[in-house]
There are 2 protein chains.
Amino acid sequence: MSTAAGAKPSFKEQMLQAREEAIVKSVNRLLAEKGFDAMTVDEVAASVGIAKASLYKHFPSKEDLAAAAMVRVMRSAREFLDGIDAGLPPLEKLRAVVRWTLQVQLAGQMPSLPTQNSSLRAALTGSREYVDALMEISVRLGAWIEAAQAAGALNPKLPPIAVLYTLYARGCDPVLEFLRGGGQHTDDEIVDLVLSTCFDGLNSR
Amino acid sequence: MSTAAGAKPSFKEQMLQAREEAIVKSVNRLLAEKGFDAMTVDEVAASVGIAKASLYKHFPSKEDLAAAAMVRVMRSAREFLDGIDAGLPPLEKLRAVVRWTLQVQLAGQMPSLPTQNSSLRAALTGSREYVDALMEISVRLGAWIEAAQAAGALNPKLPPIAVLYTLYARGCDPVLEFLRGGGQHTDDEIVDLVLSTCFDGLNSR
DNA sequence: GTCTATAAATAGATAGAC
DNA sequence: GTCTATCTATTTATAGAC
């Protein structure tokens, strides 16, 4: 704990966390809308309704803002994993996870970061909570992937790591945006289409 | 023609075009490496070895530079389509095209542009050559898609437009970069893996 | 057309009062 | 901690000589 027991400090801490949660929520949305490079700190401050200098009291840099948003998504993903019915077959668990990521993306809640930016990478790998959450999620998904391969549901010839990356990549698949722009399908139909092409492929079965 | 017949003007025009080709080639590489936002016009000028002001004599804006790079890629893609064996089954033609895009991406030659940037979109849709090439390519791929579906090779339940978008999306699939970063596979293996997951899916067959 | 030099605007980040 | 005002660096884009 950072404060001794008592009502007043706890309340203060709660206020602080609520403010920071509001900030990260705005960052999350802006990152999903415009991406890291196009998002400006001024926009974030305006969106939250505070001064830019105040923002920098909470987060020391733009990279840290993005990292906080990623931590938030990771937490959210871990909670989703926790809620998955343990009785489901591994493949169905994986499908549920991908479906969730697609829905998050369509809801405009999936932050998109450039993978090449080195200062951003440093901020991410420097965040213990982000690295830990990503690791834990990968391990859990990896176990399901191997179980699904052992059960003959997933193609056993594919390296599990390649499967994992392929699932992660669906979280930033531009096909969703393309299809929505076409205006010919509902969001649910789009999700089902991408899920189908992801697991069943384009070829006939 | 912009010049009357004759050797001297033609030579001048050739010099001009060679210079512009060198510029666009640099832009292409930088766009593939860092993306549109991270690429600066100063870098482009330095990469080509000319002054920034000279660059602006050839292309009126950064967006036009990116558009020129996309036109170049489109031309290149169209040439590849022209070279495909007409006797191949439609599905194999499509596989060849995706394989080509994956190889271009791995070679660091596939420019990556943000789809949300409005000024960039304006520059692209304002380029007659880009729009025409994209349209023509889409029509040709669309015909192969429908033929492959009619032949029972591609899943006929998928809307052809969804298939088309899915193929296009492979050109900027982060899975390639992820797998290369893992260092466990050669470029050829990576291409085969992504081709497999794209057409055959993750599930067993 | 190519250059040097500079404008004009914007971005991330900080100073210092309250 | 929050604010206003400012700094510093960078970036797109031009001016003007040659």
Side-chain angles (χ1 to χ4, degrees), chain A residues 2-3 8-24 26-27 30-31 33-69 113-114 117-123 126, chain B residues 2-3 8-24 26-27 30-31 33-69 113-114 116-123:
Chain A
S2 62
T3 63
K8 265 189 180 170
S10 169
F11 177 75
K12 225 169 159 184
E13 286 251 338
Q14 276 189 2
M15 286 292 91
L16 184 93
Q17 279 217 318
R19 166 62 53 97
E20 295 198 345
E21 169 67 13
I23 294 173
V24 178
S26 279
V27 171
L30 287 169
L31 282 180
E33 276 178 15
K34 335 181 56 170
F36 179 77
D37 290 312
M39 180 188 80
T40 71
V41 180
D42 290 85
E43 280 175 329
V44 176
S47 169
V48 182
I50 64 176
K52 186 162 56 168
S54 306
L55 205 55
Y56 275 97
K57 298 282 184 181
H58 291 275
F59 300 91
S61 74
K62 183 185 178 183
E63 282 78 11
D64 287 281
L65 278 173
L113 305 182
N117 187 323
S118 62
S119 66
L120 185 54
R121 283 189 70 87
Chain B
S2 60
T3 63
K8 266 191 181 170
S10 170
F11 177 75
K12 226 169 157 184
E13 286 251 337
Q14 277 189 359
M15 287 290 93
L16 184 93
Q17 278 218 317
R19 167 62 53 97
E20 296 198 344
E21 170 66 13
I23 294 173
V24 178
S26 279
V27 171
L30 287 169
L31 281 180
E33 277 178 16
K34 335 181 52 169
F36 180 77
D37 290 310
M39 180 188 79
T40 70
V41 180
D42 290 86
E43 280 176 329
V44 176
S47 169
V48 181
I50 63 175
K52 186 162 55 168
S54 306
L55 206 55
Y56 275 96
K57 298 282 183 181
H58 291 276
F59 300 91
S61 74
K62 183 184 178 184
E63 282 77 13
D64 286 281
L65 278 173
L113 306 181
Q116 311 101 327
N117 188 323
S118 62
S119 66
L120 184 56
R121 283 190 70 87

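The model shown is predicted, which means the values in this text are computed figures rather than measured ones. Note that these values count all heavy atoms, side chains included, but never hydrogens, waters or copies made by symmetry. Numbers restart at 1 for each chain; the letters A, B, ... are given by sequence-line order, proteins then strands.
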Colleague: Round to a whole Å and report the spacing from CG of D42(B) to P of dT6(C).
Modeller: 16 Å
Colleague: Report the residue (A53(A) or D37(A)) whose heavy-atom-nearest nucleotide on DNA chain C is the more 5′ of the two.
Modeller: D37(A)
Colleague: Side chains of V48(A) and V27(A): does their closest heavy-atom pair fall under 4.5 Å?
Modeller: no
Colleague: Quickly work out the F59(A) CZ to dT2(D) P distance and round it to whole Å.
Modeller: 11 Å
Colleague: Output side-chain donor-acceptor pairs under 3.5 Å for residues 37-44 of chain B, partner residues at least two apart or in another chain, one line each.
Modeller:
| unit_1 | atom_1 | unit_2 | atom_2 | d |
| --- | --- | --- | --- | --- |
| T40(B) | OG1 | E43(B) | N | 3.1 |
| D42(B) | OD1 | K52(B) | NZ | 3.3 |
| D42(B) | OD2 | K52(B) | NZ | 3.2 |
| E43(B) | OE1 | K34(B) | NZ | 3.4 |
| E43(B) | OE1 | T40(B) | N | 3.0 |
| E43(B) | OE2 | K34(B) | NZ | 2.3 |

Colleague: Measure the distance from CZ on R19(B) to C1' on dT2(C) and round it to the nearest whole Å.
Modeller: 9 Å
Colleague: Can you tell me the distance, in whole Å, between the CG atom of L120(A) and the P atom of dG12(C)?
Modeller: 13 Å
Colleague: Any heavy-atom pair between the side chains of L65(B) and V24(B) that's under 4.5 Å?
Modeller: no
Colleague: Quick one: does NZ or CZ of K62(A) land under 6.0 Å from the six-membered ring centre of F36(A), within 45 degrees of the ring axis?
Modeller: yes
Colleague: Counting only side-chain N and O atoms of Y56(A), is one of them less than 4.0 Å from OP1 or OP2 of dT14(C)?
Modeller: no
Colleague: Calculate the interatomic distance between K52(A) atom NZ and dT2(D) atom C1'; express it in whole Å.
Modeller: 15 Å
Colleague: K12(A) NZ to dG1(D) P: how many Å, rounded?
Modeller: 6 Å
Colleague: To the nearest angstrom, how far is L65(B) atom CG from dT12(D) atom P?
Modeller: 10 Å
Colleague: Over all strands shown, is T40(A) touching base, sugar-phosphate only, or nothing at heavy-atom distances under 4.0 angstrom?
Modeller: sugar-phosphate
Colleague: What is the distance from CG of L55(B) to C1' of dT4(C), rounded to the nearest Å?
Modeller: 16 Å
Colleague: Which is it for Q116(B) and E33(A) under the side chain to side chain contact (heavy atoms under 4.5 Å, CB included) test, yes or no, and what are the steps along the way?
Modeller: CA-CA 8 Å; Q116(B) 311 101 327; E33(A) 276 178 15; over 6 Å; no
Colleague: Take K57(A) and K62(A), find for each the nucleotide of DNA chain C with the closest heavy atom, and name the residue whose nucleotide sits nearer the 5' end.
Modeller: K62(A)
Colleague: Side-chain N or O of S54(B) less than 4.0 angstrom from OP1 or OP2 on dC3(C)?
Modeller: yes
Colleague: Remember a base hit wins even if backbone is also touched, and classify M39(B) as base, sugar-phosphate or nothing at under 4.0 Å, heavy atoms.
Modeller: sugar-phosphate
Colleague: Considering only side-chain heavy atoms of A51(A), which listed nucleotide, dG1(C), dC3(D), dG12(C), is closest?
Modeller: dC3(D)
